[in-house]
Structure formats: C-alpha cells, structure tokens
Engineer: 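Pasting a structure below so you can have a look.
The residues of the chain are indexed from 1 along the displayed sequence.
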Amino acid sequence: MKHSGCAVNRERHFSCEDCNGNVSGGFDASTSQIVLCQNNIRNQAHMNRVVTHELIHAFDHCRAHVNWFTDVRHLACSEVRAANLSGDCSLINEIFRLHFGLKQHHQTCVRDRAILSILAVRNISKEVAQKAVDEVFESCFNDHEPFGRIPHNKTYARYAHRDFQNRDRYYSNI
C-alpha cells in the first residue's frame with residue numbers, strides 16, 4: 001500500500017466489530033477503513049483471507065480510484081481480484097463448501113464469489129451482477145497486482161513477496 005502511495009495505519013484503517021448476518025468483513029471506501037466482523041471470523045486462516053480480501057479492495061481504492069457507488073463494473077473488477085487473490089477460492093475452501101470441479105474450477109469459483117459479494121453490498125439483480133462480472137472478468141482476473149501471481153498457498157505467497165521486494169531491481173540498470 002505504501003509503495004502505491006497510500007499509507008496504512010493499523011489503528012486508523014482497521015476496525016473489529018460485531019456484524020449482522022454472515023458477512024466476515026468489508027471495506028468502507030468513505031473512510032478507507034477495513035472492518036473485520038469479529039463475531040463471524042472462525043479462525044486465523046479465515047481472518048487472513050478476510051484481511052487479504054479487504055486489503056485488495058483498499059489497494060484498488062488507492063491505485064485505481066474505484067468508483068464504488070456509481071459504476072458496478074468497478075466494484076465487479078475489485079471483487080474478481082479479491083476473490084482471485086485472497087484465497088477465497090483455494091482448493092481446501094472449495095472442498096469445505098462441497099464444490100468440486102476440475103476444468104477451470106478456480107475461474108468459476110472466482111466468478112461466483114464475485115457475484116455473491118456484489119449482491120451482498122448492492123441492491124441489484126443477479127443478472128446485472130453477472131453481466132458486470134462478465135464484462136470485466138478477463139482483464140481483472142489477470143491483474144495480480146500487488147502480488148504479481150496468484151498466491152495459492154503459503155509457498156506462492158512467499159514467492160510473491162520475494163518478487164515484490166525485488167521488482168525494482170530488474171529495472172534499475174535500464
């Protein structure tokens with residue numbers, strides 16, 4: 001975040017609250033604050049996914065100046081990226097959800113999770129949410145910033161962090 005021009009202060013930008021329903025967290029664009037739903041987060045791994053998911057939204061808010069409230073395609077893109085990069089669609093999570101598939105399953109999961117996330121925060125039809133996701137899916141699914149790759153597990157996350165630390169090294173001699 002800092003590298004993209006947005007400072008993060010744990011005390012200012014994170015809030016733990018009790019939430020209604022089964023929502024695990026959210027990003028409040030008006031305050032640039034991540035809300036963690038302490039009553040709905042089951043364990044450390046779940047919290048890690050929620051924080052990562054919401055940090056993707058914060059990153060998009062900082063980097064792309066997302067128009068959250070008037071352009072559903074902006075929201076759809078951020079939701080696709082968050083589902084893709086946060087671990088929401090990891091194999092173990094999909095097994096727990098009893099969702100199985102072999103061909104292009106990760107993409108299907110990302111698409112479905114993005115649609116569900118849009119419907120959770122917007123009063124629109126499922127068809128409108130699906131259309132928005134379809135319109136942005138290809139470019140947003142392939143946007144892996146700030147990781148550079150999909151961190152499928154801890155090893156890939158370490159690789160992504162290493163790549164981030166070394167990203168300027170490759171361009172310093174040009």
Engineer: Quick one: side chain to side chain donor-acceptor pair (under 3.5 Å) pairs with a partner in residues 114-125, sequence neighbours left out?
Structural biologist: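 Qualifying pairs: E79-S117.
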Engineer: Indicate yes or no for a side-chain donor-acceptor contact from H74 to the backbone of N67 under 3.5 Å, with no hydrogens or angles considered.
Structural biologist: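 Yes; judged by distance alone, with no hydrogens or angles, the pair exists.
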Engineer: To the nearest 0.5 Å, what is the distance between CG on L119 and NZ on K126?
Structural biologist: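 Atom-to-atom, L119:CG and K126:NZ are 7.5 Å apart.
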Engineer: Kindly write out the residues that satisfy side chain to side chain donor-acceptor pair (under 3.5 Å) with D28, not counting sequence neighbours, or none if the list is empty.
Structural biologist: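 Scan of D28 (side chain to side chain donor-acceptor pair (under 3.5 Å), adjacent residues dropped) gives S30, T31.
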Engineer: Could you tell me which non-hydrogen atom of I124 sits nearest to which non-hydrogen atom of I118, and how far apart they are?
Structural biologist: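 Looks like CD1-CG2, 3.6 Å.
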Engineer: Which pair of heavy atoms, one from E145 and one from D143, lies closest together, and at what distance?
Structural biologist: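 Where E145 meets D143 most closely, the heavy atoms are N-OD1, 3.2 Å.
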Engineer: Looking at CG of N40 and SG of C19, how far apart are the two atoms once the value is rounded to the nearest 0.5 Å?
Structural biologist: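 It is 6.0 Å, given to the nearest 0.5 Å.
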Engineer: Is there a path from F69 to V121 through hydrophobic residues (I, L, V, M, F, W, Y) whose side chains come within less than 4.5 Å of each other?
Structural biologist: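 In one cluster with F69: V121, yes.
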Engineer: So, the side chain of N39 versus the backbone of I41: is there a donor-acceptor pair under 3.5 Å, distance only?
Structural biologist: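 Checking the backbone N and O of I41 against the side chain of N39, no donor-acceptor pair under 3.5 Å is found.
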Engineer: Find out if a path of hydrophobic residues (ILVMFWY) with successive side-chain heavy-atom gaps under 4.5 Å connects L116 to W68.
Structural biologist: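 No; W68 is not reachable from L116 via cluster members.
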Engineer: Filter on ring pair (Phe, Tyr, Trp, His ring centres under 6.0 Å), then keep only pairs touching residues 117-142, sequence neighbours left out; what's left?
Structural biologist: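 Listed once each, the pairs are H106-F141, F137-F141.
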Engineer: Side-chain contact test, heavy atoms from C-beta onward, threshold under 4.5 Å: evaluate it for N84 versus H144 and give yes or no.
Structural biologist: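 N84 vs H144: side chains touch.
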Engineer: Considering all heavy atoms of both residues, which atom of A82 and which atom of S86 are nearest to each other, and what is their separation?
Structural biologist: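 For A82 versus S86, the nearest heavy atoms are O-OG, 2.6 Å.
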Engineer: Quick one: side chain to side chain contact (heavy atoms under 4.5 Å, CB included) partners of D134, sequence neighbours excluded?
Structural biologist: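 With neighbours one apart ignored, the set is R111.
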Engineer: Are H53 and D88 close enough that some pair of their side-chain heavy atoms sits under 4.5 Å apart?
Structural biologist: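 When only atoms from C-beta onward are counted, D88 and H53 do touch, with a gap below 4.5 Å.
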Engineer: For residues A114 and A83, report the shortest heavy-atom separation together with the two atoms involved.
Structural biologist: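 Looks like N-CB, 4.5 Å.
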Engineer: By side chain to side chain contact (heavy atoms under 4.5 Å, CB included), which residues pair with N142, not counting sequence neighbours?
Structural biologist: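 N142 satisfies side chain to side chain contact (heavy atoms under 4.5 Å, CB included) with E138 only.
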Engineer: What distance separates F59 CZ from F27 CZ, expressed to the nearest 0.5 Å?
Structural biologist: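 If I round to the nearest 0.5 Å, the distance is 12.5 Å.
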Engineer: Mind checking whether T52 and L85 have side chains closer than 4.5 Å, heavy atoms only?
Structural biologist: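 Side chain of T52 against side chain of L85, heavy atoms only: no contact under 4.5 Å found.
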Engineer: Would you mind reporting whether V66 and L75 have side-chain heavy atoms less than 4.5 Å apart?
Structural biologist: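 SC-SC contact between L75 and V66 ruled out.
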Engineer: For N43, does the CG atom sit with more than 12 other heavy atoms under 6.0 Å from it, leaving out its own atoms?
Structural biologist: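 More than 12 within 6.0 Å, yes.
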Engineer: When rounded to the nearest 0.5 angstrom, what distance separates CZ in R42 from OG in S24?
Structural biologist: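 If I round to the nearest 0.5 Å, the distance is 6.0 Å.
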Engineer: Who are the side chain to side chain contact (heavy atoms under 4.5 Å, CB included) partners of C140, not counting sequence neighbours?
Structural biologist: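 Listed in chain order: C77, V80, R81, V136.
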Engineer: Looking at every heavy atom in both V50 and G25, which two are closest together, and how far apart are they?
Structural biologist: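 Smallest heavy-atom distance, with atoms named: CG1-CA, 4.0 Å.
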Engineer: Using the side chain to side chain donor-acceptor pair (under 3.5 Å) criterion, which residues pair with Q33? Sequence neighbours excluded.
Structural biologist: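 In terms of side chain to side chain donor-acceptor pair (under 3.5 Å), with neighbours along the sequence ignored, Q33 is linked to no residue.
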Engineer: Looking at OG1 of T108 and CZ of R113, how far apart are the two atoms once the value is rounded to the nearest 0.5 Å?
Structural biologist: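 Those atoms lie 13.5 Å apart.
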Engineer: Once salt bridge (charged side-chain N to carboxylate O under 4.0 Å, His left out) is applied, do any residues pair with E135, and if so which ones, sequence neighbours excluded?
Structural biologist: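 Listed in chain order: R73, K131.
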Engineer: How would you list, by chain and number, every residue that makes a side chain to side chain contact (heavy atoms under 4.5 Å, CB included) with N20, sequence neighbours excluded?
Structural biologist: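 Here no residue qualifies.
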Engineer: Less than 4.5 Å apart, side chain to side chain, heavy atoms only: is that true for F14 and L55?
Structural biologist: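 Sidechains of L55 and F14: in contact.
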Engineer: With S32, which residues qualify under side chain to side chain donor-acceptor pair (under 3.5 Å), at least two apart?
Structural biologist: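 So S32 forms no side chain to side chain donor-acceptor pair (under 3.5 Å) with any residue.
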Engineer: Going by the rule side chain to side chain donor-acceptor pair (under 3.5 Å), which residues pair with S78 if we only count those two or more places apart in sequence or in a different chain?
Structural biologist: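 Per chain and number, S78 pairs via side chain to side chain donor-acceptor pair (under 3.5 Å) with H57, D60.
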Engineer: So, does E54 use its side chain to make a donor-acceptor pair with the main chain of I34 at under 3.5 Å?
Structural biologist: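 No; zero donor-acceptor contacts below 3.5 Å.
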